[in-house]
There are 2 protein chains.
Amino acid sequence: MTDPLDASFAALSDPTRRDLVARLALGDATVSELAAPYDMTIQAVSKHLNVLAAAGLVTKSAQAQRRLIHLEADALRRLTDWVQHYAQLADQRYRRLDEVLVQLADTEESP
Amino acid sequence: MTDPLDASFAALSDPTRRDLVARLALGDATVSELAAPYDMTIQAVSKHLNVLAAAGLVTKSAQAQRRLIHLEADALRRLTDWVQHYAQLADQRYRRLDEVLVQLADTEESP
DNA sequence: CTCATTGTCAACCATTCGGTTGAATATCGT
DNA sequence: ACGATATTCAACCGAATGGTTGACAATGAG
């Protein structure tokens, strides 16, 4: 799963990781701070953070024995770009289809 | 993975499924039409489509023995909403932080 | 120096995932 | 009624995933 898009979507498919992202949107935090709310070992949370980091959604900076985790908003934006592109494409197609249907209706009304 | 957000992100974490979405953004298609370009069995593609359908990203309508697959742009939009929300939240935080730093620099310049 | 704190690494386990093959079902065209 | 076409269902396989426990490394504090 080398592709960054693969990794990003996969990373966000886990509710714990989405929750971590939501938390990090409010500000940087250490691993144990992030792990505190969860009923799971700190190792598990550390793994989740690694998954987010591998996807580029998050970066770590070592401050002494702790690591500050930082949300990379740019990586999030690259995700929305992909999704939005195809949603928009489909929308345009629907609109064109509507126009055709309206025209058809018009020509049938006035023969 | 009952959560629709879980299912949607997971569905799009696979490159084949993202490709199917890209194709479907151009218009509805049958299973075999969608399967044609891939070097994999039609059953595999059918499975991928089931995953997309389970996530609500796609719907099937049975026309005789074929099924027409249709992209649900609304479901895509729900995804972007989630991502965009937290990207925006982080952005706002950065901006506030910048303001604080600028103010600090100012007060240090003119004591 | 010692020790508690913070975090990672490694091995393991159960479950899920992406793919295959093979058989079954449903519908169209003749 | 029959055969071809389109799709699904089911069982199976290897790899990846989310979690655990236990040991290790690095740093700060007393």
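Chain identifiers are assigned alphabetically (A, B, ...) following the order of the sequence lines, protein sequences preceding nucleic acid strands; residue numbering begins at 1 within each chain. Excluded from the calculations below are hydrogen atoms, water molecules and symmetry mates; all remaining heavy atoms, backbone and side chain alike, are included.
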Do Val83(A) and Val83(B) have side chains that get closer than 4.5 Å, going by heavy atoms?
no

Side chains of His70(B) and Val58(B): does their closest heavy-atom pair fall under 4.5 Å?
no

Whole-Å distance, Glu33(A) CD to dG7(C) C1', equals 13 Å

With ring-ring contact (aromatic ring centres under 6.0 Å, His included) as the criterion, how do Tyr38(A) and His48(A) come out once you've worked through the C-alpha distance, each side chain's angles and the decisive distance to 0.1 Å?
CA-CA 12 Å; Tyr38(A) 302 103; His48(A) 280 306; 8.2 Å; no

For residues Ser8(B) and Leu79(B), determine if any side-chain heavy atom of one lies less than 4.5 Å from a side-chain heavy atom of the other.
yes

When you check the gap from the basic side-chain N to the acidic O, do Asp91(A) and Arg77(B) get nearer than 4.0 Å?
yes

May I ask you to verify if any side-chain N or O of Lys60(B) is less than 4.0 angstrom from the OP1 or OP2 atom of dT8(D)?
yes

Are side-chain heavy atoms of Asp3(B) and Pro15(A) found at a separation under 4.5 Å?
no

Could you give the CG-to-P distance, from Asp6(B) to dT15(C), as a whole number of Å?
19 Å

Check: protein-nucleotides 26-30 of chain C nitrogen or oxygen pairs below 3.5 Å:
{"unit_1": "dT27(C)", "atom_1": "O2", "unit_2": "Gln65(B)", "atom_2": "NE2", "d": "3.4"}

By a strict heavy-atom criterion of less than 4.0 Å, which residues belonging to residues 15-31 of chain B are in contact with DNA chain C?
Arg17(B)

Please give, in whole Å, the distance from dT17(D) C1' to Phe9(B) CZ?
18 Å

dT7(D), OP1 or OP2 - any side-chain N/O from Ser46(B) closer than 4.0 Å?
no

Between dT6(C) atom P and Leu49(A) atom CG, what is the distance in whole Å?
15 Å

Please examine the side chains of Leu57(B) and Leu76(B), heavy atoms only from C-beta on, and report whether any two atoms are closer than 4.5 Å.
yes

Do Lys60(B) and Asn50(B) have side chains that get closer than 4.5 Å, going by heavy atoms?
yes

So Phe9(A) and Trp82(A), would you call those rings parallel, tilted or perpendicular, with 30° and 60° as cut-offs?
perpendicular

Distance in angstrom units between Asp14(B) CG and dA16(D) C1', rounded:
13 Å

Any heavy-atom pair between the side chains of Leu89(A) and Arg93(A) that's under 4.5 Å?
no

Protein-nucleotides 20-25 of chain C N/O pairs closer than 3.5 Å?
{"unit_1": "dT20(C)", "atom_1": "OP2", "unit_2": "Thr41(B)", "atom_2": "N", "d": "3.0"}
{"unit_1": "dT20(C)", "atom_1": "OP2", "unit_2": "Thr41(B)", "atom_2": "OG1", "d": "2.8"}
{"unit_1": "dG22(C)", "atom_1": "O6", "unit_2": "Gln43(B)", "atom_2": "NE2", "d": "2.8"}

Asn50(A) CG - dG19(D) P separation (whole Å)
13 Å

Donor on one side chain, acceptor on other, Glu72(B) and Thr59(B), under 3.5 Å:
yes

Expressed in angstrom and rounded to an integer, what is the separation of Ile69(A) atom CD1 from dT8(C) atom P?
7 Å

dT7(D) phosphate, OP1 or OP2: any side-chain N/O from Ser32(B) under 4.0 angstrom?
yes

